[in-house]
Amino acid sequence: QTLEKPKVSIAVGGKNLFYYLPLTVAEQLGYFKDEGLQVEISDFAGGSKALQALVGGSADVVSGAFEHTIDMQVKGQNITAFVLQGRAPQIVLGVSTKNLPNYKSLQDLKGKKIGVTAPGSSTNMLASFVLAKAGIKPGDVSYIGVGTSAGALSAVRSGQIDAIANLDPAITMLQQKNDIKVIVDTRTMKDTLDVFGGPMPAATLYASGAFIKKNPNTTQALTNAMVKALKWIQTAGPDDIVKVVPESYMLGDRALYTAAFLKVKEAYSPDGKIPDEGAQTALKALQAYDPKIAGKTIDLTRTYTNDFVRKANDKQR
Amino acid sequence: MQRTGTVSQEAAQQPGQQAAHAALSLDNITCTFVSRENRAQRYTAMADTTLNIAPGEFVSVVGPTGCGKSTLLNVGAGLLQPSSGTVRVFGEELTGLNRRAGYMFQAECLLPWRSALQNVVAGLQFRGMPEGEANRLGEEWLARVGLKGFGDRYPHQLSGGMRKRVALAQTLVLDPDIILMDEPFSALDIQTRQLMENEVLDLWSAKKKAVLFITHDLDEAIAMSDRVVVLSAGPGTHPIGEFVIDLPRPRDVAEIRAHPRFVELHAQIWDVLREEVLKGYQQTKQRA
Amino acid sequence: MQRTGTVSQEAAQQPGQQAAHAALSLDNITCTFVSRENRAQRYTAMADTTLNIAPGEFVSVVGPTGCGKSTLLNVGAGLLQPSSGTVRVFGEELTGLNRRAGYMFQAECLLPWRSALQNVVAGLQFRGMPEGEANRLGEEWLARVGLKGFGDRYPHQLSGGMRKRVALAQTLVLDPDIILMDEPFSALDIQTRQLMENEVLDLWSAKKKAVLFITHDLDEAIAMSDRVVVLSAGPGTHPIGEFVIDLPRPRDVAEIRAHPRFVELHAQIWDVLREEVLKGYQQTKQRA
Amino acid sequence: MWNLIKPRQSSLRFWQLAVLVLLFAVWHGISRNPQGAFFFGEPLAVLVRIWQWFTVGNGSLEVSLGETTLFTLNFPAEIYPHLLVTLTETVLAFGVGTLLGLGFGLWLALSPMASAILDPYIKAANSMPRVILAPIFAVWFGLGIWSKVALAVTLVFFIVFFNVYQGVKEVSPVILANARMLGANRSQLLRQVYLPSATSWVFSSLHTSVGLAFVGAVVGEYLGSARGVGYLILQAEGSFDINTVFAGILVLTVFALALDTIVGVVEKRLMKWQPKSGETEKL
Amino acid sequence: MWNLIKPRQSSLRFWQLAVLVLLFAVWHGISRNPQGAFFFGEPLAVLVRIWQWFTVGNGSLEVSLGETTLFTLNFPAEIYPHLLVTLTETVLAFGVGTLLGLGFGLWLALSPMASAILDPYIKAANSMPRVILAPIFAVWFGLGIWSKVALAVTLVFFIVFFNVYQGVKEVSPVILANARMLGANRSQLLRQVYLPSATSWVFSSLHTSVGLAFVGAVVGEYLGSARGVGYLILQAEGSFDINTVFAGILVLTVFALALDTIVGVVEKRLMKWQPKSGETEKL
Ligand SMILES: Nc1ncnc2c1ncn2[C@@H]1O[C@H](COP(=O)(O)OP(=O)(O)OP(=O)(O)O)[C@@H](O)[C@H]1O
Ligand SMILES: Nc1ncnc2c1ncn2[C@@H]1O[C@H](COP(=O)(O)OP(=O)(O)OP(=O)(O)O)[C@@H](O)[C@H]1O
Ligand SMILES: [Mg+2]
Ligand SMILES: [Mg+2]
C-alpha cells in the first residue's frame, strides 16, 4: 500500500491541551513515522484558526472539535471527521469561590460574568447549554473571553469573573488552589451524558471530503497511528505519560500534570469510533445554541466516517 | 523724474523690436500672491512689467529692498507662474521650468548632504557627464572661486561667503545660455567681490551669455552691465528707468569706477533710485 | 606693514588694561574644528586672538571672507566653546550662553512658524513681558525697520532683505547690553542700509551699548565704529591691525564719508585689508 | 479622451468613489467563489449586517466606576454600546499614547545622557510582542476598557515617541541658537521651538497611530472582553460568521477615517506657516 | 558626590549596565511573590532556560522549496532552528516592508492626485486589525514563513510609508528649486534630493519598524506555525510556563537590538553631513 501523500500537514489549535493528547502521543511515540508518514503539526492560537488553515488549503488535516464539521456543512464546506480522540468535551464549568462563596444553584449565576475561552467557542456553547437548561437566557449573563492560559487563571483569582468554563490544565490548577467549585464536569462520561443527553464527540481528526477521497491510504495511515495512540493511553499510567509528553508540557509541576491526566483519562475514546448517536447529540446541542444552524437540515452521514477506524481496529487486533 | 522719463520711454520702444530675438523676454508680467487660507488676503508684488534681455546682453536690476526683484527672477526661471503675462525664452513661450537658464538663488540653496565639490558638480552629474571629467571641471571651478582645498567640506562647515561662492560655481560650471543671479556677491568682502566680478565678466565676455543680475550695489551694477533697470518700490513693482551703460569694454570693475562717464551714470541712476527707496520706506512706515 | 605694526602694537597694550572693565573680553582664543568621523581632520579657524570691547564701545571687525569672523562672534555669544582661552563678560568668566548679549546671525534665523511681528516680540515673550506691551513695542520696531504692515507675514512670505530687518528688530527690541551683529545690512540696498545704520547709531548713542559689528563694507565699519579690527586670512586667524576711529560724534553715515579723516583712515585700513585678502585668496587657490 | 477624465481636483471625489466601487466589485467577484466567500464574506451580506446592527434590536451600556454603577445608557440598536466602548478605548489610547510619546520623546531628545542610557531599553520594549502582555494588563487594569487602552497605548506610544525624538533632533541649529540667544529658557524652547519644529514629525506619527490605536483596542478586546467591536468580531469568528467579521472591520474603518480627518484638520491649522508652492493667483 | 558618578560619555556603559541590573533586581523582587512569579517568571529560571536552549538538545531544519526538501540543517542545540526561522521572517519582512513603504511613499508624495485619491484607502488599510488577516495570509502564502512575513510587512509598511510620505513633503523648497534648475530630472530629483532629504525621516521609521517586524513575525507564529520563537512562546503559554515565555522575549529582544544597531550604523554613515554641536576640539 503506497501512501498518496507521505507529507501531511496537521493543524491544531492549542497543541498542548489535554484535549489533543492523543495527537501528541502519536507524534511522540513515532506512530506516524511507523506508518511512513511525515507529519508537520502547526499549532494555532485557536481551533477556528486551525480550521481556517484547512479550508484555505494550507493544512491537510485538522485536529479539532467534531462540531466544526457540522458548522462547515452549513457554510457549504464538505468536511469529514475520520477518527475520534475524545468522547467527552473535557470542559468544566466552575464558579469562583471568591466571588460566589454561597453558590447554591445555577440560578445564582443570573446577571453574572462568565469567563469562556473565547466568545462563540465550545466552552461558550457548553455554558449556554447548561444555563439554558436551568432557564437562564444568554442575555441574562455576560460572557467574557479569557483564553486558556494565564489570563483565565488571573481573571478568576482577581475576581474579575464569577464563573468559568474552561479546559485542563487551567481547571486543575484552579481546583488545586480551591479557586473554583466545579458544577459541571464533562471530563467524566456521567456529566457529559447528563448535560448533553448522549455521548458527545469531542476532538477528532478531520479533513476535507476531497482529501479523504483522494488520499485514502494516507488517511488510513493517520487513523492507524491515532488508534494506536488511543489504545496506548487506555493502558498508560501517569508515569508512562510523563515519559512520553514533552518536558515543556509539564509546567514544571509533574504532580499537577499527572493529576490532571487521571481526571481526563476517562474522556479519551478507547477505539476512535464516532458513535452515531454522538453525532446526533452534537447536532442537537448546536441547534439549541446557534440559531443559524437551527433551521438547516444537516446530512450527518457526511460529517463523519468510521470506515478507517474500523480497518485500523481490525489491524490492531 | 523727467529725465528718467525720457530714458525709460526710449527704452520702452526697444522691447517691441527686441522681444522676438530676446534670450529672455518678460511681457506684461503681473504677480499677485494670495494666501491659501484667506483668498482675500493678497499682495501684488509686480504689475505690468516688461523686460527683454538680448542674447549676450548683461542687464542689472536694482531697486529698493522687498520691491520684487527675486520674484522677477523666479518668474524668469519658470519657478513662479505669473498671474498674467507671458515669458519667452529665445522666442518660445515658457511653460514649466526654464531649462536654458542657470539660477543662483538669494537664499542658501546648497544641497546640505553633498560636500562642496559634489555640490559644484551636481548639475554636471544630472546632465550625465562622466565622473572624472565632472570632478576635474568642479575642482577647476572651486579654484576659480578661491575655494581650492575646501572641496570635501559640507555646507555647514563653510562660512557664509564660502557657501555663496560654491553656489556661484555650481551655477556657472553648467555654462547656461541665460544666467540669473540674485545678489551673488553680497556676502563677500570688497576685494573678493571684485575678483569674483571680474571672473564673471571674463566668462560672460568669452561666451556672450545673456545675464540678468540683481544687486544692491549700484557701483557693481554699472561696472558690469550693458543696461541697468531700476524697479519702483512695491507693491505693484515695475521698471521706472532703464539706463544703457555705454562704458567701454573690456572693463576692470575696480578701475572703471574712476571713469568720468561712470560717475555721471552713477549720479543719474542714483537720483532715480534714491527717491524710490525713500518712497518705499515711507510707504511701509505709514502702512496700516 | 610697518605702519600697521605700530598701530596694532599701540592697541595691543590696551587689552591688558581694559580686560578687567571690558564688557566683552576674548582672551587668547583658539578655535579648532575637528571632524567627528575623522579626528585627524582638523581646521584651526582662529588662533591666539585677544579682543576687548569696553562698555559703550562700538567695535567693527573686517577681514577676508571665510577668515573666522562668525566664529569669533559665536565664541563671544557663548554658542561655541573655544579650544583654549577664556571669554569674560563684564569681568565674569563665561560658561554657557552669554545672557547679556543680543546676537543677530549671518544666516537666516527667524522662527518660520511665527509671523514677522511674533518673531520680533519672541524675546520679549521669553522674558515674560505682557502681551499687549510686547506687541506695542514690536509694532514700533517693525515700523523702525520699515516693515509697518508686514507684521502678519510669515518669513517665507518676506523678501531676503525684509527677513534681515525683522531679525534686526528681533535683536534690538530686547535692548541687550552687548550687541553682536554679523553682516546685518548686507542684503539691503544702499539707501535702506544707511537708514538702518543711522537707526542703530541712534540707539547705540542713546544707550551706550557695547557693540561688536561684522561687515564687509569698510565705509560702514569706519562710519559707525570707535575702533576697527582687521583679521588676517585663515587658517589661524588673529587680529593684524586695530584702528581707532577718531571721527567726531554724532555722525551721519552718509555725510561722514566726505570727512577728510575718513578718507585717510579708509586708505590706511584698506592697505592692510587688501594685502590680507589677496593673500587669503592666493592661499586657497594654491592649497592642495 | 484621457484628458477628459484625467483625475483633477474637481473630479477627486468621483475618482475616490470609483476606487471604492472597484474594490466592492472585486470583492463581489471573489465572493462568487465559495472558497473566496468563506474568507472574505459577501459584500452584500456584510452591508446588510451593518444595516441590521444600526437599526435592529437595542443595546444598553452600564457605565460604572469601580463597583458602583453610575448610570445605564440605552441605545436604539445593537451596535451602539459596542461601538461606544471601542471608540472610547481608541480615543483614550490615542490621547494617552500621544501624550506619553510626546513627553518621553521630548525628554529623551533633550537629555542626551538619559537617552544614551535608556536607548537600548526603549528599543527592546518596542520589539516586545505586545500580545503576550495582554494577560498581564488584564491583571493590572482589569477586564474593562483600561486593559485594552493599555495595549493600544503600547502601540501608539512607540510610534509617536520615535518620531518626536527624531523631530526634536532635526531642529535647525541656527534657529535653536537664535531662540536661546533671545533668552528662551528650557520650557520655552520646548514649547516655542522644539514642538513647532517637530509638528510635522508629530503629525506624521499621528496619522500612523490613529490606525494603530484602533488595532490595539480591537486586538485587546479580541483577547478578552465582554463588549466592543472586537468582541463582536471574535464572536463571529468563533461561529465562522465571516460576514459579521468584515462588517465589524468596515465599521471600524469608517470611524478610523473620521478620527484621522480630525487629526488632519488640526494639522492643517497648526502648519499654516509652511511654504506651499503655487502661491500666485492665476488670472 | 553626584558629580563623581554623574552619567557622562565615559561611564555610559556602566550606567546602562546599572539600569539592566536594576531591572533584573526589580524583576527578581517581583518574582519572590508567587503571584508575581506567575506573571513575570523568575529571572534566574529564565536565564537557565535560555542557557539550556543554546546548549542542550539538538535541532534540525528542513529547507524546502514547494514540495521538495532542498537540504536539512542540523544544529547543536534546540533553539537554533526556531531562531533562524524567526530571524529570517523578521529580516525579510523588514526588507520587503521598507522597500514597499519607500516605493509607495515616494510615489504618492510625488503624485498629488494619486495620493489624494488613495489617501482614505491607505488610512483604512492601516486601521485594519491585522490579526484578522492572518488566516487569509495563510491561504495566500501557506503555513510556512511567508504568511508570517506578510503579517509583519503589514506592520512595517505603514510606518515607513507615512514617514517617507511626510519626509518627501518636507523637502526645502529652495533646495528643490535649485536642483530642478540644475537640470535634475524626476528620477535624479528622487535619488539626489528627495531621498537624502528624507533620510532622517526614513531612519526614524526604521527604528520603529525593526521592533515591529519582530512583533509581526512573532505574532504570526503565535497565531499558527510549526516552528519559530513565537511557536515556542505559544507552546509555553499553553502550559503556563511563563519562564519560557520570557526567555523567548528576551532572546528576541537581543536580536532586535542587534538589528537596530545595524540600522544605526547605516544611519550614521548616511547622515554624516548633518551639523552636530560641539565641533570644536577642547584642549
Ligand atoms: N509667497 C509669498 N507670499 C506673499 N508675499 C510674498 C511671497 N513671496 C514674496 N512676497 C512679497 O513680494 C514682495 C517682493 O519680494 P521679493 O523677494 O521679490 O523682493 P526682493 O526685491 O527680492 O527683495 P530683497 O532685495 O530684499 O531680496 C515682498 O513684499 C514680499 O513680501
Ligand atoms: N563646523 C565647522 N567645521 C569645520 N570648519 C568650520 C566649521 N565652521 C566653520 N568652519 C571653518 O572656519 C572658517 C571660518 O568660518 P567663519 O564662518 O567664521 O568665517 P567668516 O569670517 O564668518 O566668513 P564670511 O565672511 O564668509 O561669513 C572657515 O574656513 C570655515 O570653513
Ligand atoms: Mg530678493
Ligand atoms: Mg560669517
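The basis for the numbers below is simple: all heavy atoms, side chains too, and nothing from hydrogens, waters or symmetry mates.
When the candidates B/Leu142, B/Val62, B/Leu158, B/Asp189 are compared by the number of heavy-atom contacts under 4.5 Å with chain C, B/Asp189 comes out ahead. For chain C, the option among B/Gly63, B/Cys67, B/Gly68, B/Gly66 with the highest count of heavy-atom pairs below 4.5 Å is B/Gly66.
Geometric assessment of C/Arg165 against the ring of C/Phe150 yields a negative cation-pi assignment under the 6.0 Å and 45° thresholds. The side-chain tip of C/Arg153 points at the ring of B/Tyr43 from less than 6.0 angstrom away and within 45° of straight on.
Remark: B/Arg257 engages B/Asp219 in a salt bridge, criterion side-chain N to carboxylate O under 4.0 Å.
A donor-acceptor pair under 3.5 Å links the side-chain atoms of C/Gln170 to the main chain of C/Asn119, judged by distance alone.
Heavy-atom distances place both the backbone and the side chain of C/Leu218 under 4.5 Å from chain B. Heavy atoms of C/Glu183 lying under 4.5 Å from chain B belong exclusively to its side chain. Residue contact with chain B, scored on non-hydrogen atoms closer than 4.5 Å, is absent for C/Ser70. In this structure, chain B has heavy atoms under 4.5 Å from both the backbone and the side chain of C/Thr65.
The aromatic rings of B/His266 and B/Trp270 are tilted relative to each other, their planes meeting at an angle between 30° and 60°.
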